[in-house]
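Only a predicted model underlies this, so the values are computations on that prediction, with no experimental measurement involved.
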Amino acid sequence: MRKSLVIPAAIVSVFLFLWLFIWYIGSNNPGTPAGYVGYLTQGSWFGKAHFVGMQVGPTSPGKTWLLHAINTSITPYTYSEDFEGNNSVMSKDNLKIAFRMHITWNVRLDPNQVRNFIEHYSTLGTDADPEKIVVTAYNNYIKEPFRTYARDEIQKYNGLDIKDNITPIGDAVLARMQELTKKTPFEVTGVVVGNVQYPAQVSDAVSMKLAATQDLQRKETEIQIAEKDKDIRIVQAQGISKAMDIINQKLTPLYVQHEAIDAQKSMINSPNHTVIYIPVGPNGVPVVGNLDLSQGTGQQSSDKK
């Protein structure tokens, strides 16, 4: 007869404990925070790791044997490129322009595109910092085309026209970047041109021109004020002239005699005055006119002789 193999319960318990212990230390429950997408892979002690699936945070798959997640941010990033010093760009009229350009982009919120990003655009391996993965991908696939398009669009304008065309320049670069990345995991959402700087001599010339323009406008205003003052003086002089004409027309001998009589009446009726009236003309009316004293003196002299 064959004898059945009986394994002691103690040995079974030890093996079960060891298996549970190995599974516990070899299992992971990788989490994916909000704003990230997790690329899940499952490894093995013998053989190759393989893709398991995607998870959109905040979530985790539960504890699983040799499970690993590469988390990739799907929130927008904004990077700035400086064109200064030796990297300044020549405008259409050969003026050296320094400026800064900003680009906003993100990894597309599409599990297939995130997988494409991890498998074809990530170059740092599975243990890299998620932020470094994104920065490396930007440097490898977006940075240089973005800088090239920026230089191209700036060079289409004369130097002093660039500040007036910041929005069209940004829109043109954005359109070219979107065309470049439309079949990639990169989604470019905005491009902005900023901090445009001209050479010092150009800025000084513009400032001097502006100051001269303001001074010219001030002088033109002063001329206009002087013209108005002149018009006012002319009007005043015309008024005085007309008034003098009217007065001269009224100042006849009869009018003066009338005014003198009225003045004497007012003085007589006033209790505060003592009037001594000496008639010097016909009917006791004051004489109006000029008395030729030299002739009178001459007559008196001849009479005495």
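- In terms of heavy atoms, Trp105 sits closest to Ile142 at CD2-CD1, 4.0 Å.
- Note: the hydrophobic cluster containing Val192 does not contain Leu180 (ILVMFWY, side chain heavy atoms under 4.5 Å, direct or indirect links).
- When all heavy atoms of Gly31 and Gln55 are compared, the pair lying nearest together is C-NE2, 4.1 Å.
- With rounding to the nearest 0.5 Å, the separation of CG in Asn106 from OG in Ser73 is 8.0 Å.
- Residue Lys92 comes nearest to Lys156 through the heavy atom pair CD-O, 3.6 Å, listed as atom of the first residue, atom of the second, then distance.
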query: So Val37 and Leu109, side-chain contact (heavy atoms from CB on, under 4.5 Å) or not? Walk me through it.
result: CA-CA 8 Å; Val37 173; Leu109 183 55; 4.3 Å; yes
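- At least one side-chain heavy atom of Ile118 sits less than 4.5 Å from a side-chain heavy atom of Thr72.
- Note on residues 148-171: no pairs pass ring pair (Phe, Tyr, Trp, His ring centres under 6.0 Å), not counting sequence neighbours.
- Proximity of Val135 to Tyr79: side-chain heavy atoms (C-beta onward) are separated by under 4.5 Å at one or more points.
- Taking CD of Gln197 as the reference point, atom CZ of Phe83 lies at 13.5 Å (rounded to 0.5 Å).
- To the nearest 0.5 Å, atoms CG (Leu67) and CG (Asn29) are separated by 8.0 Å.
- Ring geometry, Phe186 versus Phe117: the interplanar angle exceeds 60°, so the pair is classed perpendicular (tilted spans 30 to 60°).
- Not a single side chain to side chain donor-acceptor pair (under 3.5 Å) links Gln155 to another residue, sequence neighbours left out.
- Within the model, atoms OG1 of Thr32 and CG of Leu40 stand 6.5 Å from one another, a figure rounded to the nearest 0.5 Å.
- In this model, a donor atom of one side chain and an acceptor atom of the other lie less than 3.5 Å apart for Thr104 and Thr78.
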Tell me which donor-acceptor pairs under 3.5 Å the side chains of residues 158-177 have, and how far apart each pair is, sequence neighbours excluded?
residue : atom : partner : partner atom : Å
Asn165  : ND2  : Asp161  : O            : 2.6
Arg176  : NH1  : Glu153  : OE2          : 3.1
Arg176  : NH2  : Asp152  : OD2          : 3.4

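- Arg151 and Val89 make their closest contact through CG-CG2, 3.5 Å (heavy atoms, listed as atom of the first residue, atom of the second, distance).
- Both Val56 and Val114 are members of a single hydrophobic cluster when ILVMFWY side chains are connected at heavy-atom separations under 4.5 Å.
- The nearest pair of heavy atoms linking Thr184 to Tyr121 is CG2-OH, 3.6 Å.
- Between Tyr138 and Tyr77, the ring centre distance reaches or exceeds 6.0 Å.
- Of the inter-residue distances, the one linking Ile223 atom CD1 with Lys230 atom NZ reads 11.5 Å to the nearest 0.5 angstrom.
- The heavy-atom pair separating Val196 from Ile97 by the smallest distance is CG1-CG2, 3.9 Å.
- Under a hydrophobic-cluster definition in which Ile, Leu, Val, Met, Phe, Trp and Tyr are linked whenever side-chain heavy atoms come within less than 4.5 Å, directly or via other members, Val193 and Met90 are assigned to different clusters.
- To the nearest 0.5 Å, the span separating CD1 on Ile154 from OG on Ser88 amounts to 11.0 Å.
- Side-chain heavy atoms closer than 4.5 Å link hydrophobic residues (I, L, V, M, F, W, Y) into clusters, and following such links, even through other members, never connects Val134 to Tyr36.
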